[in-house]
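Heads up, the thing below is written out as structure tokens.
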Amino acid sequence: MADTLISVDEFMAKRARGADMVVKAARAPTTWNSETRSARFVMSCEEPDRDGDVVFIDGIDVEPFKKNPVCLLNHRPDQMIGTWANVGKGLLGNRKTLEGDATLIDDDAVPEARKTAALISGGLLRASSIGFIPKTVKRIVMENGDPTYSFEIAECELIECSIVAIPA
């Protein structure tokens, strides 16, 4: 398949779901630590998701995110459940990844965090999803030149990362 550079506006019209950012998810086994209330997640990986889109890990700008590394539940700003730490790019097998440690708040005032911790420790909640603002996007086209409904996100700014029940 060949690639065709498109405008960010065109991409956002196809992928944004009621916000100024796009969300993409990755699944990974958890490494829940009950003492620290934390688990290591693959926040994103460089492979096609359910939409057929690929986010290139080297093109993710994580520096703005590190200034406010909030961990949300299901991309809902009203459900802040913790923070992210040790965010970095790496490899899982031959796949490029963006990984981080989610630490959930231990506070009776945040029942969503307690429920999320129970679901992670029980192995029921294993996915995370990034919210980002795209900067450089290409439409993936077939070899005959016909466009697909999939995109390559070459550059983006990471805005948030959520623990999610159903990843893209």
Side-chain angles (χ1 to χ4, degrees), residues 1-31 38-105 113 116 125-141 147-168:
M1 289 187 231
D3 298 329
T4 302
L5 192 63
I6 66 163
S7 73
V8 170
D9 290 338
E10 182 182 354
F11 173 75
M12 293 298 281
K14 298 285 187 196
R15 289 290 185 259
R17 291 172 172 87
D20 292 332
M21 69 178 171
V22 178
V23 296
K24 295 292 175 183
R27 286 176 284 161
T30 62
T31 55
S38 66
R40 185 94 178 143
F41 284 86
V42 173
M43 300 164 82
S44 187
C45 63
E46 199 168 294
E47 64 181 32
D49 63 14
R50 289 183 192 185
D51 293 322
D53 299 339
V54 179
V55 177
F56 288 99
I57 300 303
D58 290 339
I60 301 175
D61 181 3
V62 298
E63 293 311 310
F65 173 76
K66 288 181 177 180
K67 294 176 185 173
N68 185 36
V70 66
C71 179
L72 302 177
L73 181 61
N74 294 313
H75 298 291
R76 293 192 47 188
D78 63 329
Q79 292 190 350
M80 293 181 281
I81 57 173
T83 59
W84 291 95
N86 303 314
V87 175
K89 298 172 184 180
L91 287 174
L92 183 61
N94 61 354
R95 299 180 308 159
K96 290 184 178 181
T97 60
L98 180 66
E99 300 179 20
D101 298 325
T103 300
L104 304 185
I105 190 167
T116 302
L125 201 50
R126 302 183 305 247
S128 61
S129 176
I130 60 172
F132 61 90
I133 297 172
K135 300 294 182 185
T136 305
V137 181
K138 291 180 180 178
R139 178 184 295 278
I140 300 172
V141 298
T148 68
Y149 292 100
S150 300
F151 302 92
E152 291 180 342
I153 297 87
E155 295 177 316
C156 65
E157 178 183 332
L158 183 62
I159 300 298
E160 60 92 8
C161 187
S162 292
I163 294 174
V164 297
I166 302 171

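Along the sequence shown, residues carry numbers from 1.
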Does the side chain of [Y] come within less than 4.5 Å of [X]'s, by heavy atoms?
X      : Y      : answer
Tyr149 : Asp51  : no
Val8   : Lys135 : no
Val87  : Pro69  : no
Val141 : Pro147 : yes

Is a donor on one side and an acceptor on the other found under 3.5 Å between the side chain of [X] and the backbone of [Y]?
X      : Y      : answer
Arg139 : Thr148 : yes
Thr31  : Arg40  : yes
Asp61  : Leu158 : no

Of all residues at least two apart in sequence or in a different chain, which pass the side-chain hydrogen bond (donor to acceptor under 3.5 Å, both in side chains) check with [X]?
X      : answer
Asp78  : Arg76
Asn86  : Asp101
Asn94  : none
Thr116 : none

If you measure from [atom1] on [X] to [atom2] on [Y], what distance do you get to the nearest 0.5 Å?
X      : Y      : atom1 : atom2 : answer
Ile163 : Phe41  : CD1   : CZ    : 4.0 Å
Phe56  : Ser44  : CZ    : OG    : 11.5 Å
Glu47  : Thr97  : CD    : OG1   : 10.5 Å
Cys71  : Met43  : SG    : CE    : 8.0 Å
Leu98  : Cys161 : CG    : SG    : 7.5 Å
Ile60  : Glu155 : CD1   : CD    : 11.5 Å

Tell me every residue that passes salt bridge (charged side-chain N to carboxylate O under 4.0 Å, His left out) with Glu46, counting only those two or more places apart in sequence or in another chain.
none
Results of salt bridge (charged side-chain N to carboxylate O under 4.0 Å, His left out) for Lys66 - residues two or more places apart only
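With sequence neighbours excluded, Lys66 shows a salt bridge (charged side-chain N to carboxylate O under 4.0 Å, His left out) to Glu63, given in chain and number order.
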Take Lys138 and Glu152, measure what salt bridge (Lys or Arg N to Asp or Glu O under 4.0 Å) needs, and give me the verdict at the end.
CA-CA 5 Å; Lys138 291 180 180 178; Glu152 291 180 342; 5.2 Å; no
Evaluate the criterion side chain to side chain contact (heavy atoms under 4.5 Å, CB included) for residue pair Lys89 and Lys96; output intermediate values, then yes/no.
CA-CA 7 Å; Lys89 298 172 184 180; Lys96 290 184 178 181; over 6 Å; no
Out of Leu73, Val70, Thr103, Leu72, which one pairs with Ile81 under the side-chain contact (heavy atoms from CB on, under 4.5 Å) rule?
Leu73
Might you work through the side chain to side chain contact (heavy atoms under 4.5 Å, CB included) test for Thr136 and Ile153, ending with a clear yes or no?
CA-CA 6 Å; Thr136 305; Ile153 297 87; over 6 Å; no
Give the minimum heavy-atom separation between Gly131 and His75, together with the two atoms involved.
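Nearest pair, atom of Gly131 first, then His75: N-CE1, 4.1 Å.
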Should Val42 and Glu99 be marked as a side chain to side chain contact (heavy atoms under 4.5 Å, CB included) after you check the CA-CA gap, both sets of side-chain angles, and the distance that decides it?
CA-CA 4 Å; Val42 173; Glu99 300 179 20; 4.2 Å; yes
Decide yes or no on side chain to side chain contact (heavy atoms under 4.5 Å, CB included) for Ile133 and Cys156, but give the supporting numbers first.
CA-CA 5 Å; Ile133 297 172; Cys156 65; over 6 Å; no
